[in-house]
Participant: 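Let me begin by handing over the structure; questions about it come next.
Chain naming here is simple, since letters A, B, ... match the order of the sequence lines and numbering starts at 1 in each.
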Amino acid sequence: MKSQPEVRVRIAPSPSGYVHVGTARTAIFNYMFARHYGGKFLVRIENTDEERSDPSFIDAILSAMKWLGLEWDEDIIYQADRCDLYRKYVDELVKSGHGYPCFCTPEVLAADREKAKAEKGDMRYNRRCLNLSADEIAVRKTAGEPFVVRLRIPEGECRFDDLVSGELSRSSNDIEDFIVARSDGSATYNLAVVVDDHLMGITHVIRGNDHITNTFKQIHLYRALGFEVPQFGHVPMILRTDKKKVSKRLGDKDVLQYRNEGILPEAMFNYLCLLGWSPKTDREIYSVDELIAMFTPDNFNPSNAVFDEEKLIAFNQEYIAGKSDHDLAVMVAPLLVEAGLTTKYWLETRWDYLRRVIGALKLRARKIVDFVELSSYFFTSDFKYDPEAAAKQFTPENKPLLDALADRFESLESFTAASIEQCLAALAEGKGLKRGKLIHPTRLAVSGRTAGPSLYEMLEILSQPIVVERLRRASAQIDLTNNP
RNA sequence: GACCCCAUCGUCCAGUGGCCUAGGACGGCGCCCUUUCACGGCGCAAACACGGGUUCGACUCCCGUUGGGGUCACCA
């Protein structure tokens, strides 16, 4: 049996912005690919552009990765630390003749492009400096004329077998002699990427298909440098509902924003996996381990996908339903404190109460933050009655019913859902009323709302004294409204 | 504009020449359950972009058209 080299993949974000779902999804694909084949998942921060890079974005990127559970394997590589390394390879390129100096100034190049555009001609670099004599180069260099280094693209066609789309090719006529080193000697993106991917031993480059044009340039670089070319897989883009590329300008969310809004990382992970890749089954909810076990590149889908937040939320609901009351309580507790509904101390001493509240509300929450809004009346009596419902339920006819219920509840020996139901049913029957006639005003009296968990369960959790008190308060409210 | 990629319900995915009167999920609609809201159950509407081939037979293969996306920086 031939021994396979270890699979090594990486995610290479640049800290020039936030982490959108596309970057997250690419990271997830790389992570799963590595784990499936027992390989390594690496992180490289592409922070060579000082102008745009902001260290705070690095933290945000790493936080997002940790949140999603994407543990990377070796030390993080920072490109800014490796500039000297890249220069060495630029020199090598010039020595071997694959690279050549170009003295064209940005102004000249811009003018060339303008002209080409106006004449609807070729926008590529016109190779003005390709065949300068050694003498001329020497003279202009000693004169201090600034220059960049370009890669000479050989004639022919560049092709490779993509993991996602199969064979891809591009004629050299469509690739310009791109710049590999700027006039200050620093390396550009494509050069740095190729050098790092080679030095890091990357075997598979899985990235968005917006990189396809870069890939052709990079393959030329691999060949010029004499490096082995890795396998490439260009996964489809994730698009906005309007089919445009995601962008912060258009209000697309940072991955961490979803976390703050109460999306569970496992829901995000699971949902994102199904964008551009499919287990090819009728099931959609899978654990990370199951996904890793099934994750092979032949299940990639080549077409772009629209990100549907509603479906993400549906996944989230599913994951919330599957979590224990305790685990949910751990997540909800700080939010309740933050909202000013209770204190850390109060919750710590009444953890069981919180758990029961969560249990009663679990199937009604779409996001973790929903629990705050859904549960407020369990933590404070300071709530408003739904005006429309109050007009309908808090009537003079209903007042004696609330009073009677309050009295009966107060004298109840044990205050459980079963005894509450029995008590309420008995009162309804005694008055010759349907239960709903009692249930609706009661729900409004104790919660201020028309919707919520099962009434009996809700009253039991709230506890006898609170329920009696709120019923009496509502009764008083009826007097106030009718005899101001 | 040039080059590249893509093309099944509104959206995400199945479908790899006959099993398709095209399947699942989200969303929508309806019914059931029910004290409400959810959950759950059942059902309905909803798609193979178009035109040519290839073939006994195309959603599936080939070509073209159209449409969408991406890339065309001394950014990454």
Participant: Would you measure the distance from the P atom in C44(B) across to the matching atom in C12(B) and give it in whole Å?
Facilitator: 24 Å
Participant: Any base atoms under 4.0 Å from Ser278(A), or only sugar-phosphate, or nothing? Heavy atoms, all strands.
Facilitator: sugar-phosphate
Participant: Choosing from G69(B), G70(B), A73(B), which nucleotide comes nearest the side chain of Lys245(A)?
Facilitator: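 The nucleotide sitting nearest to the side chain is G70(B).
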Participant: Whether Glu318(A) and Arg366(A) form a salt bridge (side-chain N of Lys/Arg under 4.0 Å from carboxylate O of Asp/Glu) is what I want to check.
Facilitator: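 Salt bridge absent between Arg366(A) and Glu318(A).
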Participant: Return the minimal non-hydrogen interatomic distance between Arg25(A) and Leu275(A), and the atom names on each side.
Facilitator: NH1-O, 2.6 Å
Participant: Using the P atom as the reference point in each nucleotide, state the distance between G51(B) and U66(B) in Å, no decimals.
Facilitator: 15 Å
Participant: For G67(B), give the paired nucleotide (Watson-Crick: N1-N3 plus N6-O4 or O6-N4; G-U: N1-O2 and O6-N3; both under 3.5 Å), or none.
Facilitator: C6(B)
Participant: Does a side-chain N or O of Lys243(A) approach OP1 or OP2 of U11(B) to a distance below 4.0 Å, or not?
Facilitator: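 Answer is yes, contact under 4.0 Å.
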Participant: Sort out the partner of G30(B) for me: Watson-Crick or G-U wobble, both distances under 3.5 Å, none otherwise.
Facilitator: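 Answer to the pairing question: C42(B), which forms a Watson-Crick or G-U pair with G30(B).
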Participant: Taking atom P in both G52(B) and G57(B), compute the distance separating them and give it to the nearest angstrom.
Facilitator: 15 Å
Participant: Fit a plane to each ring of Phe300(A) and Phe29(A), take the angle between them on a 0 to 90° scale, and name the class: parallel (under 30°), tilted (30 to 60°) or perpendicular (over 60°).
Facilitator: tilted
Participant: What interatomic distance, in whole Å, is found between C1' of C20(B) and the corresponding atom of C32(B)?
Facilitator: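 Each nucleotide's C1' atom is 31 Å from the other's.
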Participant: Quickly work out the Phe307(A) CZ to U11(B) P distance and round it to whole Å.
Facilitator: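 Taking atom P of U11(B) as the reference, CZ of Phe307(A) is at 16 Å.
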Participant: Look at the side chain of Arg44(A) against the base of A76(B) and say whether a donor-acceptor pair falls under 3.5 Å; ignore hydrogens and angles.
Facilitator: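 Result: no qualifying N/O pair found.
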Participant: Tell which nucleotide pairs with A73(B), taking only Watson-Crick or G-U wobble pairs whose two distances are both under 3.5 angstrom.
Facilitator: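 A73(B) is unpaired by these criteria.
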Participant: Round to a whole Å and report the spacing from CG of Asp196(A) to P of A76(B).
Facilitator: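 So the CG-P distance, Asp196(A) to A76(B), works out to 12 Å.
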Participant: In whole angstrom, give the distance that lies between atom CG of Leu274(A) and atom P of A14(B).
Facilitator: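 It is 9 Å, rounded to the nearest whole Å.
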Participant: So what does Lys244(A) touch, heavy atoms closer than 4.0 Å: a base, only the sugar-phosphate, or nothing?
Facilitator: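 Sugar-phosphate, no base atom in range.
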Participant: Not counting sequence neighbours, which residues clear side chain to side chain donor-acceptor pair (under 3.5 Å) with Arg10(A)? List them please.
Facilitator: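 Applying side chain to side chain donor-acceptor pair (under 3.5 Å) to Arg10(A) gives Asp197(A).
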Participant: What does the list of N/O pairs under 3.5 Å between the protein and nucleotides 2-4 of chain B look like, with a distance for each?
Facilitator:
{"residue": "C3(B)", "atom": "O2'", "partner": "Arg170(A)", "partner atom": "NE", "Å": "2.9"}

Participant: When you measure from the side chain of Ile179(A), which nucleotide among G69(B), U71(B), C74(B) comes out closest?
Facilitator: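 For Ile179(A), the side-chain atoms sit closest to C74(B).
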Participant: I'd like to know whether the aromatic ring centres of Phe415(A) and Phe409(A) sit less than 6.0 Å apart in this structure.
Facilitator: yes
Participant: Considering only NZ, NE, NH1 and NH2 on the basic side and carboxylate oxygens on the acidic side, decide whether Lys253(A) and Glu309(A) come within less than 4.0 Å.
Facilitator: yes
Participant: Please tell me if Thr48(A) has a side-chain N or O lying less than 4.0 Å from either OP1 or OP2 of A76(B).
Facilitator: yes
Participant: For nucleotides U60(B) and C74(B), find the distance between their C1' atoms and express it as a whole number of Å.
Facilitator: 48 Å
Participant: Take the angle between the ring planes of Phe295(A) and Trp277(A) and call it parallel below 30°, perpendicular above 60°, tilted in between.
Facilitator: tilted
Participant: Applying the salt bridge (charged side-chain N to carboxylate O under 4.0 Å, His left out) test to Asp177(A), which of Arg127(A), Arg150(A), Arg128(A), Lys217(A) qualifies?
Facilitator: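 Considering Arg127(A), Arg150(A), Arg128(A), Lys217(A), a salt bridge (charged side-chain N to carboxylate O under 4.0 Å, His left out) with Asp177(A) is found only for Arg127(A).
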Participant: With a non-hydrogen cut-off below 4.0 angstrom, is Gly208(A) in contact with a base, only sugar-phosphate, or nothing?
Facilitator: nothing
Participant: What is the distance, rounded to the nearest whole Å, between atom NZ of Lys280(A) and atom P of C12(B)?
Facilitator: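 Taking NZ of Lys280(A) and P of C12(B), I get 15 Å after rounding.
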Participant: Rounded to whole Å, how long is the line connecting atom CD of Glu167(A) with atom P of C6(B)?
Facilitator: 12 Å
Participant: Would you mind reading off the distance between Leu275(A) atom CG and C13(B) atom C1', rounded to a whole angstrom?
Facilitator: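 From Leu275(A) CG to C13(B) C1': 9 Å.
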Participant: Taking the six-membered ring for Trp and the single ring otherwise, decide whether the centroids of His198(A) and Tyr222(A) are under 6.0 Å apart.
Facilitator: no
Participant: Separation of Asn126(A) atom CG from C72(B) atom C1', in whole Å?
Facilitator: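 Interatomic distance, CG of Asn126(A) to C1' of C72(B): 16 Å.
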Participant: Relative to the ring of Phe232(A), is the ring of His234(A) parallel (under 30°), tilted (30 to 60°) or perpendicular (over 60°)?
Facilitator: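 It falls in the parallel class, under 30°.
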Participant: Could you tell me whether Pro302(A) contacts a base, only the sugar-phosphate backbone, or nothing, with contacts defined as non-hydrogen atoms closer than 4.0 Å?
Facilitator: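 Result for Pro302(A) = sugar-phosphate.
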Participant: Start at the 5' end of RNA chain B and walk down; is the nucleotide closest to Tyr189(A) or to Arg124(A) reached first?
Facilitator: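 Its nearest nucleotide lies further toward 5', so the answer is Arg124(A).
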Participant: NA contact type, Arg113(A), heavy-atom cut-off 4.0 Å: base, sugar-phosphate, or nothing?
Facilitator: sugar-phosphate
Participant: Scan nucleotides 25-38 of chain B nucleotide by nucleotide, 5' to 3', and note B when protein non-hydrogen atoms come under 4.0 Å of the base, S if they reach only the sugar-phosphate, - if neither.
Facilitator: BSS-------BBBB
Participant: Identify the nucleotide, in any strand shown, that forms a Watson-Crick or G-U wobble pair with U21(B), with both distances under 3.5 Å; if there is none, say none.
Facilitator: none
Participant: Determine the Euclidean distance between corresponding P atoms of A73(B) and U16(B); express it in Å to zero decimal places.
Facilitator: 43 Å
Participant: Considering only the C1' atoms, how many Å lie between A2(B) and C9(B), rounded to the nearest integer?
Facilitator: 35 Å
Participant: Name the residue from Ser16(A), Pro55(A), Ser53(A) that meets the side-chain contact (heavy atoms from CB on, under 4.5 Å) definition with Asn47(A).
Facilitator: Ser53(A)
Participant: When the distance from OH of Tyr86(A) to P of A76(B) is rounded to whole Å, what number comes out?
Facilitator: 11 Å
Participant: Mind checking Val306(A) for me? I need base, sugar-phosphate or nothing, with any heavy atom below 4.0 Å counting as a touch.
Facilitator: sugar-phosphate
Participant: Test Tyr271(A) against Phe307(A) for ring-ring contact (aromatic ring centres under 6.0 Å, His included), laying out the working first.
Facilitator: CA-CA 10 Å; Tyr271(A) 174 68; Phe307(A) 185 84; 5.4 Å; yes
Participant: Taking atom C1' in both C50(B) and G68(B), compute the distance separating them and give it to the nearest angstrom.
Facilitator: 15 Å
Participant: Check this for me: does any side-chain nitrogen of one of Arg240(A) and Asp242(A) sit under 4.0 Å from a carboxylate oxygen of the other?
Facilitator: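 Salt bridge flag = yes for Asp242(A) with Arg240(A).
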Participant: May I ask you to verify whether the side chain of Asn190(A) and the base of A76(B) hold a donor-acceptor pair under 3.5 Å?
Facilitator: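 Looking at the base of A76(B), it does not pair with any donor or acceptor on the side chain of Asn190(A) (distance under 3.5 Å).
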Participant: Classify the nucleic acid contact of Cys104(A) as base, sugar-phosphate or nothing, counting any heavy atom under 4.0 Å across all strands shown.
Facilitator: base
Participant: Would you say a side-chain N or O of Asn301(A) is under 4.0 Å from OP1 or OP2 of A14(B)?
Facilitator: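 Yes, such a contact exists.
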Participant: With both distances under 3.5 Å as the test, what is the Watson-Crick or G-U wobble partner of C37(B)?
Facilitator: none
